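First up is the structure itself, then whatever we jot down about it.
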Amino acid sequence: MTRATDLNTGLDDFLAWAEKERGAPVPVRVADAVLTLLAVRGADRRAGVPEPTPQLLRRVLHEDLPPLLCATPTELAAVPGVLTALADCVRAAGRLNAKRHTRLVAAIDDAMPEFRRAIADPRNLTWPGWYASLLRADGVDPDDPAAVRAWLAAHERAPHADRPALPAPLHRSDVAARTFAVRVQLTETLLAAFAHDVEGPSPAGPLLPPPPLDADRPDEALGEELERIAGALIDRWTAAGLSDALAGPYAGLAPGPESLPHVALADRLLDEHLDYYGDSGTPLPPPPALPAPEGIRGLLHRAPLPAALAAGSDDLRDLAERCGFPGPAADVWTRGTPQELTELGADILTAVVERIAAAAPDTDKEPARDDARRGVHDDVQDYALDAAHLLYSLYERGGTADSVARKAAEHGSWQVDPSLEDAPVPVPDTAPADYVTPSPDELSVLLGIPGLGEEERAELDGPARALSDVVDQLAETGCVFRAGDSYGLTPLGNAVLRHVLAAGQVAAPDEETVAAWDAAEVITAVQNWPPKTAARTLAQWTAGHGGGSWSDLLNALDIAKRTDFTDVRTSTLFTYLDLAAVPAEALRSALTHPVTGAYAHRLLHSRGEAAPSDAERVPQSARAVLILEELEARWTEDLRMYARAMTEEEEPDLTAVPWALPDAFDAAASTWPGGALSLIPALAEAHPPTSVRVLEQLGGGHPDPRVAALASRTAKAAKAAKAKP
């Protein structure tokens, strides 16, 4: 027996009323979607139709309708007319006075620009909407289920390369996630409407058709009924029969998140990125070696593990099934587009990451042994559980190779020189297949720890071998390489990781995208990147933007520093500009910048290119900024020294600690006009929040009582000024 799916929205009466009053019919698909969504969102139906309110209108137009309705341009243009007709219909029923009617019509006009933006936003695309738009473009009647199925069959037979590509920048995972979320939201909204029918029925009668009350499991039957109604509504608003077809015989055309294993890795990499930067929009450096799209197939086919999966190796059956072999992955292997092949590589990489983690020992049952002196963990599970982190950290390096031993030492809390953490590691042309921990002398250079011996090498050997084992398993996918102690991403790995990061909504631009940025975007981004990658990017950007581009970058840096003093790391950025060989002429033009001019002069001076008159062009405000940031660095050093002193002794003699800040302040004051007592207010004026930390420390620790007293008073004033609304 076929159950009804029509909702009691008064659609037929409204269509008849609108045609009679306006002399022309309104689009049925649009009217059905608008009335239904208003009704299930709780609109009053005492007028015989759902009564819109400004708030409900905005929610339906901006959130509900864009991902659910696939309409022609003519139908979309009719949306405001349908809503106005609905407002007129409600007024005619005596449910709106003139004033409220006027407000409602104005609300319709106000909501339309955002509706048009949302309806055109590719992020609102779902699988039903995508295929409905394609079959409409091919002249198929979307209301003919037989014609829709015939088109789906032909589309499935078509070569992958001949199928229309999703609009940029969407991936299949984006559409899968949006489709799933929209379907869940619609079903939950229908459940809320059903509850309202039961608990507070409308005088107009129940909105939803009655559920099958004679079912053995009424709760399950209700859920199935609401799912069925949701599918029927989506079909009415996109194309007839799409829901069942895409959930059944043509499911391969519309994969859900569960059919795309790399979505799980995307979520993990998003977590990694948020742990590092707190914002998914903070861009990672572009990889320097992205393969051409036509080269993806060859790279994937030559990788050991993907080739074995495609060949049907019995030893890899579980992993093969996880990746879609035999099945959809086999079709992609032979006929897939570059994007589909990249997705397949991502699925295989994800499966290996999960296999590594699953094989790790249970950390609750086998606690890691700990060396009290360095906190070295030698259990394999530390690295196994961090396989995703290894991949993220490699991508974040901008395509440069890392050291297995150095990574193992960092993981084991060795005191690795921070300046070496992002340093590239040479990749040897040849190396033994088995991992060999570098010699003590090589380790000293790699870690920046002088005087390491065989004892330290032996201590690091176990963790380094455990890490190399994880790297070698990742290397089977073709996405990672290891050559001796060095390891990194391959060109295939760069493409796959970039795809996975984008699927997790992490900003992962390529070099072409970065080249299109303006100067402010480049300056903001590169401060988070490894030095050589940042310098390379700055040089490439300026090369593509003409003669004045270096000055554009320096101007953008000064503006960025004024806008966000705390988060823009001026010293780091000028180091990158130095590495990128910024011309002296551009630096000289930046000497007058009110915030960063002193940094430009310092760089000119360090390169021996400063003229005697250049210093006179630097504003005092810029000098104060440079001094303040240098003093803040000394404040940080003193804070670490204090922490060490408190850790090493129960009652340390803090007067004997060689604090760095007072001496650094005195050195700066010796060249400041008016000396120390003039420098203190200049520091507070440069940036009050930053100055408070420095001045409070000077107030408590400077040997000159006059300096200490003025620093304390100035810090209090700066803090009070910051507290004022």
Side-chain angles (χ1 to χ4, degrees), residues 272 304-305 352-353 355-397 400-477 479-490 493 530:
E272 290 280 344
L305 180 61
V352 171
V353 169
R355 182 181 66 178
I356 291 170
D362 188 333
T363 57
D364 292 333
K365 295 179 179 178
E366 299 182 27
R369 289 181 286 126
D370 183 71
D371 180 308
R373 183 160 57 87
R374 286 196 181 91
V376 176
H377 299 282
D378 59 4
D379 281 346
V380 179
Q381 76 267 14
D382 288 339
Y383 304 117
L385 296 174
D386 269 356
H389 168 73
L390 290 178
L391 294 170
Y392 176 84
S393 63
L394 284 174
Y395 194 95
E396 193 203 19
R397 293 176 60 83
T400 59
D402 202 355
S403 157
V404 170
R406 187 167 66 199
K407 190 69 174 179
E410 291 172 2
H411 192 90
S413 301
W414 287 49
Q415 298 301 313
V416 177
D417 184 344
S419 66
L420 296 176
E421 290 178 0
D422 292 324
V425 176
V427 179
D429 294 331
T430 60
D434 294 334
Y435 180 78
V436 177
T437 303
S439 69
D441 289 344
E442 291 171 323
L443 285 177
S444 289
V445 174
L446 276 171
L447 308 183
I449 305 176
L452 295 180
E454 283 297 339
E455 181 182 351
E456 287 82 8
R457 179 180 183 271
E459 187 175 345
L460 190 59
D461 186 65
R465 288 180 182 277
L467 178 55
S468 71
D469 178 66
V470 171
V471 171
D472 289 348
Q473 292 183 63
L474 294 172
E476 294 175 2
T477 67
C479 294
V480 173
F481 73 86
R482 184 181 65 78
D485 181 60
S486 68
Y487 73 107
L489 294 177
T490 64

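None of these values were measured; they are calculated from a predicted model.
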Non-neighbouring partners of Gln473 that pass side-chain hydrogen bond (donor to acceptor under 3.5 Å, both in side chains), sequence neighbours left out: Asp469
Under the side-chain hydrogen bond (donor to acceptor under 3.5 Å, both in side chains) test, residues paired with Glu476 that sit two or more places apart: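 Glu476 satisfies side-chain hydrogen bond (donor to acceptor under 3.5 Å, both in side chains) with no residue once adjacent residues are dropped.
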Any donor-acceptor pair under 3.5 Å from Arg406 side chain to Ala423 backbone: yes
With a 4.5 Å limit on heavy-atom distance, are the side chains of [X] and [Y] in contact?
{"X": "Ser486", "Y": "Pro426", "value": "no"}
{"X": "Arg457", "Y": "Leu452", "value": "no"}
{"X": "Val352", "Y": "Leu474", "value": "yes"}
{"X": "Leu394", "Y": "Thr400", "value": "no"}
{"X": "Phe481", "Y": "Val471", "value": "no"}
{"X": "Ser468", "Y": "Arg482", "value": "yes"}
{"X": "Asp417", "Y": "Ile449", "value": "no"}

Nearest-0.5 Å distance that lies between atom [atom1] in [X] and atom [atom2] in [Y]:
{"X": "Cys479", "Y": "Leu391", "atom1": "SG", "atom2": "CG", "answer": "8.0 Å"}
{"X": "Ser403", "Y": "Leu420", "atom1": "OG", "atom2": "CG", "answer": "10.5 Å"}
{"X": "Glu421", "Y": "Leu447", "atom1": "CD", "atom2": "CG", "answer": "11.0 Å"}
{"X": "Trp414", "Y": "Leu460", "atom1": "CH2", "atom2": "CG", "answer": "5.0 Å"}
{"X": "Glu454", "Y": "Ser439", "atom1": "CD", "atom2": "OG", "answer": "8.0 Å"}

Give me the atom names and distance for the closest heavy-atom approach of [X] to [Y].
{"X": "Pro450", "Y": "Ser444", "answer": "C-OG, 4.0 Å"}
{"X": "Ser393", "Y": "Arg397", "answer": "O-CG, 3.0 Å"}
{"X": "Pro438", "Y": "Leu446", "answer": "CG-CD1, 4.0 Å"}
{"X": "Gly484", "Y": "Ala431", "answer": "N-CB, 3.3 Å"}
{"X": "Ala405", "Y": "Ala464", "answer": "CA-CB, 4.4 Å"}

Results of salt bridge (Lys or Arg N to Asp or Glu O under 4.0 Å) for Glu272 - residues two or more places apart only: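 Partners of Glu272 by the salt bridge (Lys or Arg N to Asp or Glu O under 4.0 Å) criterion, ordered by chain and then number, come out as Arg268.
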Step-by-step side-chain contact (heavy atoms from CB on, under 4.5 Å) determination, His411 to Leu467: CA-CA 10 Å; His411 192 90; Leu467 178 55; over 6 Å; no
For Tyr487, ring-ring contact (aromatic ring centres under 6.0 Å, His included) partners two or more places apart: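 For Tyr487, no residue satisfies ring-ring contact (aromatic ring centres under 6.0 Å, His included) once neighbours in sequence are set aside.
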Residue pairs fulfilling side-chain hydrogen bond (donor to acceptor under 3.5 Å, both in side chains) with at least one residue in residues 422-436, sequence neighbours excluded: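 Only Tyr435-Asp485 qualify under side-chain hydrogen bond (donor to acceptor under 3.5 Å, both in side chains).
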Listed once per pair and sorted, the salt bridge (Lys or Arg N to Asp or Glu O under 4.0 Å) pairs that draw on residues 435-444, sequence neighbours left out: none
